[in-house]
Amino acid sequence: MIKVLYSEVQIAQQVRLLAERVDEYYAPLVSESQPLIVLPVLKGALMFGADLSRQLRVPLYFEFLRASSYRAGTTSGALHLDIPQMGQFAGRHLLVVEDIIDTGKTVSRILEALGECAPASIEVCTLLDKPARRTVAVEPTFCGFTIKDRFVIGYGMDLAERYRELPYVGELCTS
């Protein structure tokens, strides 16, 4: 049994609002010759990153990051990070797109690694923010929803690689 926390309609509305804010922020900073580099964090942010990018009006370029720490469980483990072609990020504006910020450890490590490339800027856009579990001081620049401490699935987020395909964000109910 799954309890829907954010419906497909609610998510679409929030993604449109986030895209407007991102466009407003980056319009004076990027151009056709120097587009925004959008970096969805795979696999969880794939759907959010795709939907967000279709709403953006600023010039953009995609690169994908891979970060994983949950494996088959619901608690975070050792972080594995893969950032390809980091040399292209020097002097560029980067937007890391996350599905959820929980402890902050993953996004903090990503920001640290990307910072070594000397980008013009690095900002974070997350669909969900869970500040109750934060152990590292990191705040997203753009946030869709702030949630309580619960394990969520759907809209790209999974439990042991299941439920990513759900068009909504939900919580598994045990009873």
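Values below: every heavy atom of this structure, side chains too, minus hydrogens, waters and symmetry copies.
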> What distance separates Leu111 CG from Glu116 CD, expressed to the nearest 0.5 Å?
Replying inline: 11.5 Å

>> Tell me if a side-chain donor or acceptor on Asp23 pairs with a main-chain N or O of Leu56 at a distance below 3.5 Å.
In response: no

> Just how far is it from atom CG of Asp99 to atom CG of Asp158, taken to the nearest 0.5 Å?
Replying inline: 8.5 Å

>> Quick check: do His93 and Leu95 have side-chain heavy atoms less than 4.5 Å from each other?
In response: no

Only pairs under 3.5 Å count here: list side-chain donor-acceptor contacts from residues 39-51, not counting sequence neighbours, and write none if there are none.
| unit_1 | atom_1 | unit_2 | atom_2 | d |
| --- | --- | --- | --- | --- |
| Lys43 | NZ | Glu161 | OE1 | 3.3 |
| Asp51 | OD1 | Arg54 | NH2 | 2.3 |
| Asp51 | OD2 | Tyr155 | OH | 2.6 |

>> Given Asp102, which partner from the list Arg134, Arg150, Lys130, Lys148 fulfils the salt bridge (charged side-chain N to carboxylate O under 4.0 Å, His left out) test?
In response: Lys130

>> What's the separation between atom SG in Cys125 and atom CZ in Arg21, rounded to the nearest 0.5 Å?
In response: 8.0 Å

> Tell me, which pairs form a ring-ring contact (aromatic ring centres under 6.0 Å, His included) where one or both residues lie in residues 20-40, sequence neighbours left out?
Replying inline: Tyr25-Phe142

> Is the closest side-chain heavy-atom distance between Tyr6 and Leu127 below 4.5 Å?
Replying inline: no

>> Rounded at 0.5 Å granularity, tell me how far CD1 in Ile153 sits from CG in Leu5.
In response: 9.0 Å

> Within the side chain of Arg133, is there an N or O that forms a donor-acceptor pair under 3.5 Å with the backbone of Gly104?
Replying inline: no

> Gln14 side chain to Gly144 main-chain N or O, any donor-acceptor pair under 3.5 Å?
Replying inline: yes

> Can you tell me how far CG of Leu114 sits from OG of Ser121, rounded to the nearest 0.5 angstrom?
Replying inline: 11.0 Å

